[in-house]
Protein chains: 2
Amino acid sequence: MQRLNLEEIGRLAGVSRSTVSRVVNGETNVSEDAKKRVQAVIDETGYRPHAAARSLASNRTGVIGLVIPSAAATLFDDPYFGRLILGATSASNSIETTLALFLFEEEADQDSLTAKIVGSGLVDGVIVTAAEIGESITDHLRRARLPFVVVGRPDDSQTAFSVDADNRSGAHMAAAHLHQLGRTRPALIAPPSNTTAGIDRRSGFLEGLAEAGLDIGDRTAEGNWTEASGQTAMESLLPHQPDSVFAGSDRMAVGAMRAIREAGLACPRDIAVVSFDGLIPADQTSPRLTSVAQPVAEVGRQAVMLLKAVIDNPAMAPQRIVLPPTLLVRESCGTEATSP
Amino acid sequence: MQRLNLEEIGRLAGVSRSTVSRVVNGETNVSEDAKKRVQAVIDETGYRPHAAARSLASNRTGVIGLVIPSAAATLFDDPYFGRLILGATSASNSIETTLALFLFEEEADQDSLTAKIVGSGLVDGVIVTAAEIGESITDHLRRARLPFVVVGRPDDSQTAFSVDADNRSGAHMAAAHLHQLGRTRPALIAPPSNTTAGIDRRSGFLEGLAEAGLDIGDRTAEGNWTEASGQTAMESLLPHQPDSVFAGSDRMAVGAMRAIREAGLACPRDIAVVSFDGLIPADQTSPRLTSVAQPVAEVGRQAVMLLKAVIDNPAMAPQRIVLPPTLLVRESCGTEATSP
DNA sequence: TTGAAAGCGCTAACAA
DNA sequence: TTGTTAGCGCTTTCAA
């Protein structure tokens, strides 16, 4: 079984390899007749262009990288990255490019992997998930002139391409929801303030509160995304007698609900809970969690599409795509306004 | 900024491009002196070989594929694939190869994606997760003579390379554990019988029971991996008054525990629960779930290593690697034997 | 609209 | 131990 090549297809179709190449690449300057003959031979033989040869000649690999930094071990405990990968893969498939995954496990990996990514010409561009503020990867990429798109909010949204969920407005919605239901003593379990998502969710929530004429007082604590931290935070909040709480992530909300239960209080009666993410299956909590759902897969999809655009047109002006979250109203906030 | 190539490095080091190539590829027939000079230039310039050119000349891409079939949307709700990807990526990084991800979302994708994978010469080999019995992907791969390793138990373990957790012995351990704790009326929530993992876990459990002189009676039901199915199964089991249950997956166990709780029974007092997977965080259930943990990341790692071996030595004899699970004893079975 | 020909950066067989 | 040379399969001018 030997590999078919352009020359061979050309021979079978009675044209030169150049013409076959033109047909394969959908160029227009080919006669209908030639095109038809060539296509027939291709279909018949199942010919597929050789990726490496193509890359070498065209300087395009048809591969994009998805870079996920930081200790990934914990990352997969929540469905976020799975969803992101899913969306990105789906979009990649739809545009005939393949997705390569790069996980940084340790700090040490970062430099060597980055060098490998930019140096080998293996990818046409990369998508970088900006987990924490102050990444150096993007610097490397910029220096190497390798097209890249950031998922999240980059430090310099002026010069970078990025796709993000609208954390700010999502958190704002959560505040409005609590207010609508008549809650007057909201608390906040904020996500880490060393992440842009954390910063945006916190400020969006406070903004929403202010708009509703509500005050957070000292009913605020910070968690680190985990369930345990949500529980601890809620425990520290209980003495301040909140009647509702916004947890900056589903997992922290789960912890918070446990704290509420263990304190002998009821959710939503005593304390309404709303969270951010919308990633955990509805029936995994009781009562089912009301949450601001961010469109994670769609973020992945759009990131791929944006990256493709940048690759195809390197002169493109920086662009930031912000995708709206949706409020999933379930039972953890109740559905009727509490009487004041 | 123009790309450095072998010729250029050779010029700077005063040798031919062949010698540089030899140094880069760690061949031994190079004089110490030449090697040193070349290496110095490489370090200085940050030269990296061009992946595509290398592939074209050597017929090796340095890329392996990880193929995850079936509707992936639901797959990421449990941490299994995340862990697998993690292990595979980590191993790939350690052997200087990169991992490309191929997800089949729909049946339709399967053929076109498979054709793309085998036809384009994009990968040196692939790892296939065999979710369900009767895959046709492996047939394609075999026909194309593309090296592949199956994660799970392939239909024909005689002729294929595979890596798997020892589902059978793991389930066996679960049975022994229940017996040791003095439980005499065990029930089984079996995983789907159209998966090899499901078959193995069921038979391993029954075998363990038999060995302990216990009988399952009609205390058996089948789930479909989901929490909801575990709950339904447990509900159907309750009338048969089991004093313990083995759930074939963590998620089904969570559902089962909910059914137990909602029936007004206590776990572990009335019914001990042991599950398989060990994937969900311990404190996510109450009581914390006793589970047979399968080494998922390690399976991914070993699959990569085995694939590399096959790629490097195509004549290798088929090999199956089975990794032992470990019993995570927590509280859902109690820790002391119940009095008979 | 077509074909001829050069060359992408590398490996590997061969010769020296 | 080293260098020379011939491709790998494709894209892409350029000329016809």
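Chain letters run A, B, ... following the sequence lines, proteins first, then strands; residues in each count from 1.
The CZ-C1' distance, from A:R60 to C:dC8, rounds to 15 Å in whole Å. Rounded to an integer number of Å, the gap from A:E7 CD to D:dC10 P is 10 Å. Regarding A:R11, its CZ atom lies at a distance of 15 Å from the P atom of D:dC10, rounded to whole Å. Between the CG atom of B:N5 and the P atom of C:dC8 there is a distance of 8 Å, rounded to whole Å. Between the NZ atom of A:K36 and the P atom of C:dT1 there is a distance of 15 Å, given to the nearest Å. Atom CG of B:L6 and atom C1' of D:dG3 are 14 Å apart (whole Å). For the pair A:L56 CG and C:dG7 C1', the interatomic distance rounds to 9 Å; values are reported in whole Å. Atom CD in B:E8 sits roughly 16 Å away from atom C1' in C:dC8 (whole-Å rounding).
Side-chain N/O atoms of B:R54 include one lying less than 4.0 angstrom from OP1 or OP2 on C:dT11. At D:dG3, one or more side-chain N or O atoms of B:T19 fall inside 4.0 Å of OP1 or OP2 (strictly under the cut-off). When the side-chain nitrogen and oxygen atoms of B:Y47 are compared with OP1 and OP2 of C:dG9, none of them lie within a distance under 4.0 Å. Considering only side-chain N and O atoms, A:N29 lies nowhere under 4.0 angstrom from the phosphate OP1 or OP2 of C:dT2. Applying the 4.0 Å criterion to OP1 and OP2 of D:dT2, one finds that B:S31 has a side-chain N or O inside that range.
Take the nearest nucleotide of DNA chain C for B:H50 and for A:E32: the residue whose nucleotide is more 5' is A:E32. The residue among B:D33 and A:N25 whose nearest nucleotide of DNA chain D lies closer to the 5′ end is B:D33.
Using a 4.5 Å heavy-atom cutoff, the side chains of B:I117 and B:L146 are in contact. In this structure, the side chains of A:L66 and A:I85 come closer than 4.5 Å at one or more pairs of heavy atoms.
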For nucleotides 12-15 of chain D, list the nitrogen or oxygen atoms of the protein found under 3.5 Å from its nitrogen or oxygen atoms, one pair per line.
residue	atom	partner	partner atom	Å
D:dT12	O4	A:S18	OG	3.4

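Just one of B:T97, B:T98, B:D124 meets the side chain to side chain donor-acceptor pair (under 3.5 Å) condition when paired with B:T61; it is B:D124.
A salt bridge links A:R60 and A:D312; the closest N-O separation between the charged side-chain nitrogens and carboxylate oxygens is under 4.0 Å. The existence of a salt bridge linking B:D33 and B:R37 is confirmed by a sub-4.0 Å separation between a basic side-chain nitrogen and an acidic carboxylate oxygen.
Among the heavy atoms of the strands, none lies under 4.0 Å from A:V24. Across all strands, A:A34 comes closer than 4.0 Å only to sugar-phosphate atoms, never to a base (heavy-atom distances).
In this structure, CD1 in B:I137 is found 5.0 Å from OG1 in B:T114, a value given to the nearest 0.5 Å.
No side-chain donor-acceptor contact under 3.5 Å links A:R11 and A:N5.
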